[in-house]
Novice: 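Pasting a structure below so you can have a look.
Quick note on labels: first sequence line is chain A, next is B, and so on, each numbered from 1. Just so you know, these numbers use all the heavy atoms, side chains as well, and skip hydrogens, waters and symmetry mates.
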There are 2 protein chains.
Amino acid sequence: MPIVVERLRRVGLRPTRQRVALARLLFDGGDRHVTAEQLHGEALAAAIRVSLATVYNTLHQFTAASLMREVVVEPGRSYFDTNTDDHHHFFCESTGHLQDIPGELVRVGELPRPPAGAKIQRVDVIIRIRQDNRAPR
Amino acid sequence: MPIVVERLRRVGLRPTRQRVALARLLFDGGDRHVTAEQLHGEALAAAIRVSLATVYNTLHQFTAASLMREVVVEPGRSYFDTNTDDHHHFFCESTGHLQDIPGELVRVGELPRPPAGAKIQRVDVIIRIRQDNRAPR
DNA sequence: GTGATTGCAAATCTTTTGCACTAAA
DNA sequence: TTTAGTGCAAAAGATTTGCAATCAC
C-alpha cells in the first residue's frame with residue numbers, strides 16, 4: 001500500500017484523491033515552504049483537479065495533524081512548512097523566500113519564564129534578511 | 001512647541017491634526033501593541049475624527065520612519081509596536097496578546113551566516129504561549 | 001496658492017463558509 | 001448506504017487605492 005496513503009490513515013484522514021495528490025507534491029521532495037496559492041498552482045500544473053478551498057482545507061488538516069506547520073512572517077500570507085522538526089527560518093524580505101535553519105544552529109539561551117498560567121507552545125526565530133541590490137554584473 | 005509635533009517634523013512628516021492625535025495615543029503611554037482597527041477605535045472613542053484608511057497610512061508612515069515597528073505573529077492581522085528597541089515577544093495564542101521581552105533576556109548565540117549577498121535586517125524571536133485553561137477557582 | 005494629506009467608497013487579496021454533489025468505507 | 005470530503009461561488013476580513021476635498025506651510 002502506498003506510503004502516502006498509510007501516512008494519511010495514521011493521522012485519521014481519509015486518503016482521498018486530492019489529499020493523496022497534494023501530500024505527494026508536498027512530501028515527496030525534500031522540505032518545502034508553500035503558500036496555498038502556490039500549491040494550488042502546482043497541482044493544476046500537474047493536472048490534479050483540486051479547488052483552492054480544498055487546498056486550504058488540506059493544508060490546515062495536515063497542520064492540525066502535525067504533518068506540517070504554519071509559518072507566519074508576512075502580513076496577509078501564510079506559508080506552510082513540511083519540516084516539522086525543531087528549526088527556525090531565514091526570511092528574505094526582498095523575495096519572500098523562506099529557508100530553514102536547523103534548530104541546533106540557533107541557541108536561544110535563558111528563556112524568560114512565561115507569564116503565570118501560560119505554557120510555551122513553541123519558539124520561533126525568524127532572521128529577516130534583505131538581498132543586497134548591487135546590480136549583478 | 002509640543003514634543004509630538006517636533007518628533008514628527010524630525011522624521012519629515014507634517015504634523016497634521018490626525019498624525020498628532022494618533023501619535024499622542026500611541027506614544028504618550030508606555031510601550032503599546034495595537035492593530036489598526038484598535039487604534040481607530042481608540043481614536044473615535046477619544047473624539048478624534050480620523051478614517052481607518054488614514055490610521056493605516058499613519059501606522060505605516062510611523063513604521064517607515066522608525067517611530068514604531070510591525071510585528072507579524074498571526075496570519076491576517078498586523079500588530080504595530082511602539083517599542084523600537086531591540087527586543088522580542090511573547091505571543092499568547094489564546095488571547096492574541098503581545099508582550100515585550102527585553103532584548104538582553106534572549107541570547108541568540110551563533111547566528112548562522114545568511115545566504116550569500118544577503119544582509120540581516122532584524123532577528124525576531126516569538127515565544128508562542130497558550131493560557132492554561134484550568135478553570136479559575 | 002501649492003503640494004501634501006485626508007476621507008470615503010470601491011477595489012483587492014487572502015482565507016473561510018454554506019451547501020449541494022461526490023466519493024470513500 | 002452512510003458519512004466524510006469536495007467544489008463552487010459567495011462571504012468575510014484586513015488592507016490598499018483612486019480621487020476629490022481639505023489642510024499645512
Side-chain angles (χ1 to χ4, degrees), chain A residues 1-2 4-23 25 33-44 47-65 67-80 96 98, chain B residues 1-2 4-23 25 33-44 47-65 67-80 96 98:
Chain A
M1 157 146 2
V4 177
V5 171
E6 277 207 20
R7 195 163 176 192
L8 292 178
R9 282 232 172 77
R10 254 200 304 278
V11 298
L13 293 172
R14 277 195 191 174
T16 63
R17 182 174 57 75
Q18 290 85 340
R19 282 181 187 152
V20 171
L22 293 175
L25 285 178
H33 302 94
V34 298
T35 63
E37 201 71 60
Q38 268 169 29
L39 184 59
H40 185 231
E42 280 183 36
L44 296 188
I48 298 163
R49 294 199 311 87
V50 62
S51 70
L52 182 57
T54 296
V55 172
Y56 273 105
N57 286 340
T58 302
L59 286 171
H60 285 135
Q61 289 155 353
F62 285 5
T63 300
L67 298 179
M68 14 186 1
R69 56 187 244 194
E70 194 173 355
V71 185
V72 185
V73 284
E74 263 185 329
R77 190 202 308 309
S78 268
Y79 289 83
F80 292 84
L98 268 177
Chain B
M1 156 144 5
V4 177
V5 172
E6 277 208 19
R7 196 164 175 193
L8 291 179
R9 282 232 172 75
R10 254 199 305 277
V11 297
L13 292 172
R14 278 195 191 173
T16 63
R17 181 173 58 74
Q18 291 85 339
R19 283 181 186 153
V20 171
L22 293 176
L25 285 178
H33 302 95
V34 297
T35 63
E37 202 73 59
Q38 268 169 29
L39 184 59
H40 185 231
E42 281 183 35
L44 296 188
I48 298 162
R49 291 197 315 87
V50 61
S51 71
L52 182 56
T54 296
V55 172
Y56 273 105
N57 286 340
T58 302
L59 285 171
H60 285 136
Q61 290 155 353
F62 286 5
T63 300
L67 298 179
M68 13 185 3
R69 57 186 241 194
E70 194 173 356
V71 184
V72 185
V73 284
E74 263 185 329
R77 189 202 309 311
S78 269
Y79 290 82
F80 292 85
L98 269 177

Novice: From CD of A:E37 over to C1' of C:dT12, roughly how many Å is that when rounded to an integer?
Specialist: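 Rounded to whole Å, this separation is 13 Å.
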Novice: How many angstroms lie between CG in A:L67 and CG in A:L8, if you round to the nearest 0.5 Å?
Specialist: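 Answer for the CG-CG pair, A:L67 versus A:L8, is 7.0 Å.
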Novice: Would the distance check show the side chain of B:R19 and the main-chain N or O of B:R14 forming a donor-acceptor pair, the cut-off being under 3.5 Å?
Specialist: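 Yes, B:R19 side chain to B:R14 backbone: donor-acceptor pair under 3.5 Å.
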Novice: Can you measure A:R14 atom CZ to C:dA25 atom C1' for me and round it to whole angstrom units?
Specialist: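 After rounding, the gap between these two atoms is 6 Å.
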Novice: Expressed in angstrom and rounded to an integer, what is the separation of B:H60 atom NE2 from C:dT6 atom P?
Specialist: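 Distance, rounded to whole Å: 15 Å.
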Novice: Taking OH from A:Y56 and P from C:dT15, how many angstroms apart are they, rounded to a whole number?
Specialist: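 Result: 3 Å.
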Novice: Return the OG1 to CD distance between B:T54 and B:Q61, rounded to the nearest 0.5 Å.
Specialist: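 With rounding to 0.5 Å, OG1 (B:T54) is 8.5 Å from CD (B:Q61).
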Novice: Just to confirm, is there a sub-4.0 Å distance from OP1 or OP2 of D:dC8 to any side-chain nitrogen or oxygen of A:S51?
Specialist: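 For D:dC8, neither OP1 nor OP2 has a side-chain N or O of A:S51 closer than 4.0 Å.
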Novice: Classify A:P15 by what it touches in the nucleic acid, base, sugar-phosphate, or nothing, heavy-atom distance under 4.0 Å.
Specialist: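 Sugar-phosphate only.
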Novice: How is A:R77 classified with respect to the nucleic acid when contacts are heavy atoms under 4.0 Å: base, sugar-phosphate, or nothing?
Specialist: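 Sugar-phosphate, no base atom in range.
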Novice: Quick check for you: to the nearest 0.5 Å, what is the distance between A:Q38 atom CD and A:L25 atom CG?
Specialist: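 Here the rounded value is 12.0 Å.
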Novice: On DNA chain C, check which nucleotide each of B:N57 and B:P75 is closest to and give me the residue with the more 5' one.
Specialist: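 In this pair, the answer is B:N57.
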Novice: Base, sugar-phosphate, or nothing: which does B:T35 touch, judged by heavy atoms less than 4.0 Å apart?
Specialist: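 B:T35: no heavy atom of the nucleic acid under 4.0 Å.
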Novice: Using ring centroids (six-membered ring only for Trp), state whether B:F80 and B:H60 fall under 6.0 Å.
Specialist: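 Under 6.0 Å, so yes.
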Novice: Could you tell me the separation between the CG atom of A:L52 and the C1' atom of D:dA10, rounded to a whole number of Å?
Specialist: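 Roughly 14 Å, once rounded to whole Å.
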Novice: Heavy atoms from C-beta onward define the side chain here; which of C:dT15, C:dT6, D:dT15 lies closest to that of B:T16?
Specialist: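 The answer is C:dT6.
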Novice: Please give, in whole Å, the distance from C:dT15 C1' to A:Q38 CD?
Specialist: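 It works out to 16 Å between those atoms.
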Novice: In whole Å, what is the span from the NE2 atom of A:H40 to the C1' atom of C:dT15?
Specialist: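 It is 14 Å, rounded to the nearest whole Å.
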Novice: Taking OP1 and OP2 of D:dC25, is either one under 4.0 Å from a side-chain nitrogen or oxygen of B:R9?
Specialist: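 Affirmative; the distance criterion is met.
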Novice: To the nearest Å, how far apart are B:L13 CG and D:dA24 P?
Specialist: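 Rounded to whole Å, this separation is 14 Å.
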